[in-house]
Amino acid sequence: MKIQHAEFLTSAQDLENCPYSTLPEFAFIGRSNVGKSSLINMLTGQKGLAKVSATPGHTRLINFFLINKKWHIVDLPGYGFARVQKEQRDGFHDRIEQYIAGRDSLTCVMVIIDASIPPQKIDLTFVEWLVQSRISFSLIYNKSDKGKKEKIQFHIQAFEQAMKLFSNGKPNTFLVSAKDGFGGGKLIDFMRGYC
Ligand SMILES: Nc1nc2c(ncn2[C@@H]2O[C@H](COP(=O)(O)OP(=O)(O)OP(=O)(O)O)[C@@H](O)[C@H]2O)c(=O)[nH]1
Ligand SMILES: [Mg+2]
(Lines give C-alpha, C1' and ligand atoms only; values in the text may rest on other atoms or scores of the structure.)
(Ligands and ions follow the chains in the order given, each with its own letter.)
Protein backbone atom coordinates (compact mmCIF):
# COMPACT_ATOMS: atom_id res chain seq x y z
CA MET A 1 0.00 0.00 0.00
CA LYS A 2 1.32 3.43 -0.91
CA ILE A 3 0.88 6.81 0.69
CA GLN A 4 -1.30 8.86 -1.63
CA HIS A 5 -1.01 12.20 0.06
CA ALA A 6 1.62 13.76 2.32
CA GLU A 7 2.17 17.33 3.29
CA PHE A 8 4.32 19.27 5.73
CA LEU A 9 2.11 20.64 8.48
CA THR A 10 4.18 22.57 10.97
CA SER A 11 7.29 22.58 13.15
CA ALA A 12 7.41 22.88 16.92
CA GLN A 13 10.27 23.60 19.29
CA ASP A 14 8.85 21.59 22.15
CA LEU A 15 5.82 19.67 23.40
CA GLU A 16 3.98 22.82 24.47
CA ASN A 17 4.07 24.18 20.93
CA CYS A 18 2.99 20.97 19.18
CA PRO A 19 -0.34 21.25 17.33
CA TYR A 20 -3.43 19.90 19.06
CA SER A 21 -4.37 16.61 17.41
CA THR A 22 -6.33 13.45 17.98
CA LEU A 23 -4.93 11.75 14.85
CA PRO A 24 -2.64 8.72 15.31
CA GLU A 25 0.97 9.86 15.36
CA PHE A 26 4.23 8.01 14.59
CA ALA A 27 7.48 9.67 15.65
CA PHE A 28 10.70 8.82 13.81
CA ILE A 29 13.70 9.01 16.06
CA GLY A 30 17.28 7.73 16.07
CA ARG A 31 20.89 8.79 15.97
CA SER A 32 21.83 11.73 13.86
CA ASN A 33 22.40 10.68 10.24
CA VAL A 34 20.64 7.33 10.60
CA GLY A 35 18.23 8.31 7.84
CA LYS A 36 15.03 9.45 9.60
CA SER A 37 14.30 12.21 7.10
CA SER A 38 15.33 10.03 4.12
CA LEU A 39 12.98 7.33 5.34
CA ILE A 40 10.05 9.75 5.55
CA ASN A 41 10.79 10.87 1.98
CA MET A 42 11.00 7.27 0.80
CA LEU A 43 7.72 6.29 2.48
CA THR A 44 5.84 9.30 1.13
CA GLY A 45 7.47 9.16 -2.30
CA GLN A 46 8.39 12.85 -1.99
CA LYS A 47 12.11 13.43 -2.16
CA GLY A 48 12.17 16.92 -0.73
CA LEU A 49 9.47 16.59 1.94
CA ALA A 50 11.76 16.11 4.95
CA LYS A 51 15.12 17.82 4.81
CA VAL A 52 18.02 15.43 4.25
CA SER A 53 21.56 16.51 4.93
CA ALA A 54 25.10 15.22 4.66
CA THR A 55 25.79 17.17 7.86
CA PRO A 56 24.67 15.32 11.01
CA GLY A 57 22.30 17.18 13.29
CA HIS A 58 20.31 18.74 10.47
CA THR A 59 16.80 18.28 11.84
CA ARG A 60 16.46 20.61 14.83
CA LEU A 61 12.73 20.91 15.30
CA ILE A 62 9.82 18.53 15.81
CA ASN A 63 8.42 18.41 12.25
CA PHE A 64 4.84 17.28 11.61
CA PHE A 65 3.65 15.71 8.36
CA LEU A 66 0.01 14.94 7.57
CA ILE A 67 -0.37 11.58 5.81
CA ASN A 68 -3.43 10.72 3.71
CA LYS A 69 -5.17 13.46 5.76
CA LYS A 70 -5.64 10.84 8.50
CA TRP A 71 -2.44 10.42 10.50
CA HIS A 72 0.83 12.08 11.36
CA ILE A 73 4.45 11.21 10.86
CA VAL A 74 6.81 13.25 13.01
CA ASP A 75 10.47 13.82 12.14
CA LEU A 76 12.47 14.33 15.34
CA PRO A 77 15.97 15.74 15.80
CA GLY A 78 18.65 13.05 15.97
CA TYR A 79 20.27 12.18 19.28
CA GLY A 80 23.96 11.84 19.97
CA PHE A 81 25.47 14.43 17.71
CA ALA A 82 28.84 15.16 19.34
CA ARG A 83 29.50 18.43 17.54
CA VAL A 84 26.45 20.13 18.99
CA GLN A 85 27.43 21.92 22.20
CA LYS A 86 26.76 19.80 25.29
CA GLU A 87 24.33 22.29 26.82
CA GLN A 88 22.36 22.55 23.60
CA ARG A 89 22.47 18.76 23.20
CA ASP A 90 21.01 18.16 26.64
CA GLY A 91 18.31 20.69 25.81
CA PHE A 92 17.49 18.64 22.69
CA HIS A 93 17.23 15.49 24.74
CA ASP A 94 14.95 17.08 27.31
CA ARG A 95 12.66 18.43 24.61
CA ILE A 96 12.53 15.11 22.76
CA GLU A 97 11.90 13.16 25.96
CA GLN A 98 9.14 15.54 26.99
CA TYR A 99 7.48 15.15 23.60
CA ILE A 100 7.72 11.34 23.67
CA ALA A 101 6.60 10.94 27.25
CA GLY A 102 3.93 13.64 27.14
CA ARG A 103 2.32 13.54 23.69
CA ASP A 104 -1.14 12.00 24.11
CA SER A 105 -1.68 11.25 20.43
CA LEU A 106 1.66 9.47 20.00
CA THR A 107 0.76 5.97 18.82
CA CYS A 108 4.18 4.43 18.39
CA VAL A 109 7.80 5.58 18.53
CA MET A 110 9.64 4.38 15.44
CA VAL A 111 13.26 3.94 16.53
CA ILE A 112 15.54 4.00 13.49
CA ILE A 113 18.71 1.94 13.85
CA ASP A 114 21.62 1.77 11.40
CA ALA A 115 21.81 -1.92 10.50
CA SER A 116 25.09 -1.47 8.65
CA ILE A 117 27.04 -0.98 11.89
CA PRO A 118 27.26 -2.93 15.18
CA PRO A 119 24.86 -2.02 18.05
CA GLN A 120 25.53 1.46 19.42
CA LYS A 121 25.35 2.15 23.14
CA ILE A 122 23.35 5.35 22.64
CA ASP A 123 20.61 3.42 20.77
CA LEU A 124 20.46 0.76 23.46
CA THR A 125 20.30 3.40 26.19
CA PHE A 126 17.43 5.13 24.41
CA VAL A 127 15.53 1.87 23.86
CA GLU A 128 16.07 0.96 27.52
CA TRP A 129 14.51 4.29 28.50
CA LEU A 130 11.48 3.52 26.29
CA VAL A 131 11.08 0.08 27.90
CA GLN A 132 11.37 1.49 31.41
CA SER A 133 8.95 4.30 30.57
CA ARG A 134 6.48 1.75 29.09
CA ILE A 135 6.30 3.63 25.83
CA SER A 136 5.18 1.71 22.76
CA PHE A 137 7.91 1.48 20.10
CA SER A 138 9.05 -0.38 17.00
CA LEU A 139 12.58 -0.93 15.73
CA ILE A 140 13.30 0.06 12.14
CA TYR A 141 16.64 -1.21 10.91
CA ASN A 142 17.66 1.11 8.08
CA LYS A 143 20.50 1.11 5.52
CA SER A 144 19.90 -2.54 4.66
CA ASP A 145 21.43 -1.80 1.26
CA LYS A 146 24.80 -1.03 2.84
CA GLY A 147 26.94 -4.16 2.96
CA LYS A 148 26.38 -7.89 2.91
CA LYS A 149 23.10 -9.43 4.07
CA GLU A 150 24.95 -11.64 6.58
CA LYS A 151 26.58 -8.63 8.20
CA ILE A 152 23.23 -6.82 8.46
CA GLN A 153 21.61 -9.89 10.07
CA PHE A 154 24.54 -10.23 12.47
CA HIS A 155 24.09 -6.63 13.65
CA ILE A 156 20.35 -7.10 14.13
CA GLN A 157 20.86 -10.27 16.16
CA ALA A 158 23.50 -8.55 18.27
CA PHE A 159 21.11 -5.67 18.98
CA GLU A 160 18.32 -8.06 19.98
CA GLN A 161 20.72 -9.97 22.19
CA ALA A 162 21.86 -6.76 23.92
CA MET A 163 18.23 -5.76 24.48
CA LYS A 164 17.61 -8.91 26.50
CA LEU A 165 19.55 -7.30 29.37
CA PHE A 166 16.65 -4.93 30.00
CA SER A 167 13.63 -6.29 28.12
CA ASN A 168 11.66 -9.55 28.08
CA GLY A 169 9.48 -8.67 25.14
CA LYS A 170 10.32 -8.52 21.46
CA PRO A 171 9.22 -5.32 19.72
CA ASN A 172 7.96 -5.12 16.15
CA THR A 173 10.95 -4.93 13.86
CA PHE A 174 11.31 -3.85 10.25
CA LEU A 175 14.24 -4.01 7.88
CA VAL A 176 14.27 -1.16 5.37
CA SER A 177 16.40 0.92 3.07
CA ALA A 178 15.55 4.56 2.58
CA LYS A 179 17.95 4.45 -0.36
CA ASP A 180 16.41 1.70 -2.48
CA GLY A 181 12.92 1.55 -0.95
CA PHE A 182 13.21 -1.95 0.50
CA GLY A 183 10.64 -2.70 3.23
CA GLY A 184 8.69 0.53 2.79
CA GLY A 185 5.36 -1.13 2.02
CA LYS A 186 5.36 -3.24 5.19
CA LEU A 187 6.16 -0.22 7.32
CA ILE A 188 3.33 1.82 5.79
CA ASP A 189 0.90 -1.09 6.28
CA PHE A 190 1.90 -1.32 9.95
CA MET A 191 1.18 2.39 10.56
CA ARG A 192 -2.02 2.37 8.51
CA GLY A 193 -3.23 -0.51 10.66
CA TYR A 194 -3.72 1.98 13.52
CA CYS A 195 -5.62 4.54 11.44
N1 LIG B 1 23.11 3.84 1.93
C2 LIG B 1 22.10 4.43 2.57
N3 LIG B 1 22.22 5.72 2.93
C4 LIG B 1 21.18 6.29 3.59
C5 LIG B 1 19.99 5.58 3.89
N6 LIG B 1 19.16 6.41 4.57
C7 LIG B 1 19.79 7.59 4.65
N8 LIG B 1 21.01 7.55 4.07
C9 LIG B 1 21.99 8.66 3.98
O10 LIG B 1 22.34 9.05 5.30
C11 LIG B 1 22.53 10.48 5.37
C12 LIG B 1 21.67 11.09 6.47
O13 LIG B 1 20.30 10.98 6.10
P14 LIG B 1 19.16 11.86 6.82
O15 LIG B 1 17.87 11.36 6.29
O16 LIG B 1 19.44 13.32 6.71
O17 LIG B 1 19.37 11.41 8.34
P18 LIG B 1 18.63 11.94 9.64
O19 LIG B 1 18.53 10.78 10.55
O20 LIG B 1 17.36 12.61 9.27
O21 LIG B 1 19.70 12.97 10.19
P22 LIG B 1 19.48 14.18 11.24
O23 LIG B 1 18.30 14.98 10.78
O24 LIG B 1 20.76 14.89 11.17
O25 LIG B 1 19.26 13.56 12.59
C26 LIG B 1 22.23 11.01 3.97
O27 LIG B 1 23.45 11.16 3.27
C28 LIG B 1 21.38 9.91 3.36
O29 LIG B 1 21.46 9.88 1.94
C30 LIG B 1 19.90 4.20 3.47
O31 LIG B 1 18.91 3.47 3.69
N32 LIG B 1 21.00 3.69 2.83
MG1 LIG C 1 16.70 14.55 9.69
Side-chain angles (χ1 to χ4, degrees), residues 3 6-14 18 25-65 67 72-86 88-97 99-100 108-127 130 137-156 159 173-188 190-191:
I3 287 174
E7 63 183 290
F8 172 72
L9 211 58
T10 188
S11 294
Q13 272 234 313
D14 50 25
C18 288
E25 194 161 293
F26 300 86
F28 284 46
I29 187 154
R31 272 185 320 114
S32 230
N33 231 31
V34 71
K36 300 174 290 296
S37 302
S38 303
L39 198 53
I40 291 169
N41 292 341
M42 183 272 271
L43 294 172
T44 57
Q46 290 186 37
K47 269 196 172 156
L49 191 64
K51 298 281 175 289
V52 172
S53 171
T55 321
H58 191 73
T59 308
R60 293 296 177 88
L61 296 166
I62 303 171
N63 295 307
F64 290 82
F65 300 92
I67 310 296
H72 288 153
I73 285 181
V74 171
D75 191 12
L76 289 173
Y79 50 71
F81 174 41
R83 267 162 59 200
V84 175
Q85 296 265 313
K86 187 175 182 302
Q88 202 182 350
R89 204 168 68 214
D90 292 346
F92 274 1
H93 288 192
D94 288 352
R95 284 192 282 126
I96 295 168
E97 283 187 9
Y99 162 81
I100 290 174
C108 187
V109 178
M110 313 301 271
V111 186
I112 322 297
I113 311 274
D114 187 343
S116 72
I117 56 171
Q120 303 289 298
K121 192 167 183 290
I122 194 163
D123 288 326
L124 287 162
T125 304
F126 179 69
V127 170
L130 289 174
F137 71 96
S138 296
L139 296 180
I140 323 295
Y141 294 99
N142 189 33
K143 306 202 181 183
S144 62
D145 60 280
K146 233 175 143 182
K148 289 198 171 133
K149 273 189 184 156
E150 295 75 21
K151 189 183 78 174
I152 300 283
Q153 284 307 326
F154 183 75
H155 294 153
I156 293 173
F159 197 91
T173 60
F174 299 89
L175 182 60
V176 300
S177 164
K179 191 178 175 186
D180 65 21
F182 178 81
K186 274 191 188 164
L187 194 50
I188 292 170
F190 169 77
M191 293 186 282

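Remember, it's 1-based here, ligands and their atoms both numbered in the order they're listed.
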Heavy-atom contacts with [X] under 4.0 Å: which atoms of ligand 1 show up? List them by number with element.
{"X": "Gly78", "result": "25 (O)"}
{"X": "Lys36", "result": "15 (O), 17 (O), 18 (P), 19 (O), 20 (O), 21 (O), 22 (P), 25 (O)"}
{"X": "Ser38", "result": "6 (N), 7 (C), 13 (O), 14 (P), 15 (O), 28 (C)"}

Donor-acceptor contact present, side-chain Ser144 to main-chain Val176, <3.5 Å: yes
- prompt: With a 4.0 Å cut-off on heavy atoms, does Ser177 reach ligand 1?
  reply: yes
- request: Check whether any side-chain heavy atom of Ile3 lies under 4.5 Å from a side-chain heavy atom of Gln46, and answer yes or no.
  value: no
field: Asp75 and ligand 1 - part of the residue with a heavy-atom distance under 4.0 Å
entry: neither
- prompt: How does Asn33 reach ligand 1, by side chain, by backbone, by both or by neither, if only non-hydrogen atoms under 4.0 Å count?
  reply: both
N or O pair under 3.5 Å between [X] and ligand 1:
{"X": "Val176", "answer": "no"}
{"X": "Asp145", "answer": "yes"}
{"X": "Val34", "answer": "yes"}
{"X": "Ala178", "answer": "yes"}

field: Test log, rule side chain to side chain contact (heavy atoms under 4.5 Å, CB included), inputs Met42 and Asn142
entry: CA-CA 12 Å; Met42 183 272 271; Asn142 189 33; over 6 Å; no
Full working for side chain to side chain contact (heavy atoms under 4.5 Å, CB included) between Met191 and Ile67: CA-CA 10 Å; Met191 293 186 282; Ile67 310 296; over 6 Å; no
- prompt: If you round to the nearest 0.5 Å, how far is OG1 of Thr44 from CZ of Phe8?
  reply: 13.0 Å
query: More than 12 foreign heavy atoms under 6.0 Å from NZ of Lys186: is that the case here?
result: no
query: Do you see an N/O/S atom of Ser32, backbone or side chain, under 2.8 Å from the Mg ion (ligand 2)?
result: no
- prompt: Leu76 and Ile62: side chain to side chain contact (heavy atoms under 4.5 Å, CB included), yes or no, with the steps?
  reply: CA-CA 5 Å; Leu76 289 173; Ile62 303 171; 3.8 Å; yes
Parallel, tilted or perpendicular: ring planes of Phe126 versus Tyr79, cut at 30 and 60 degrees: tilted
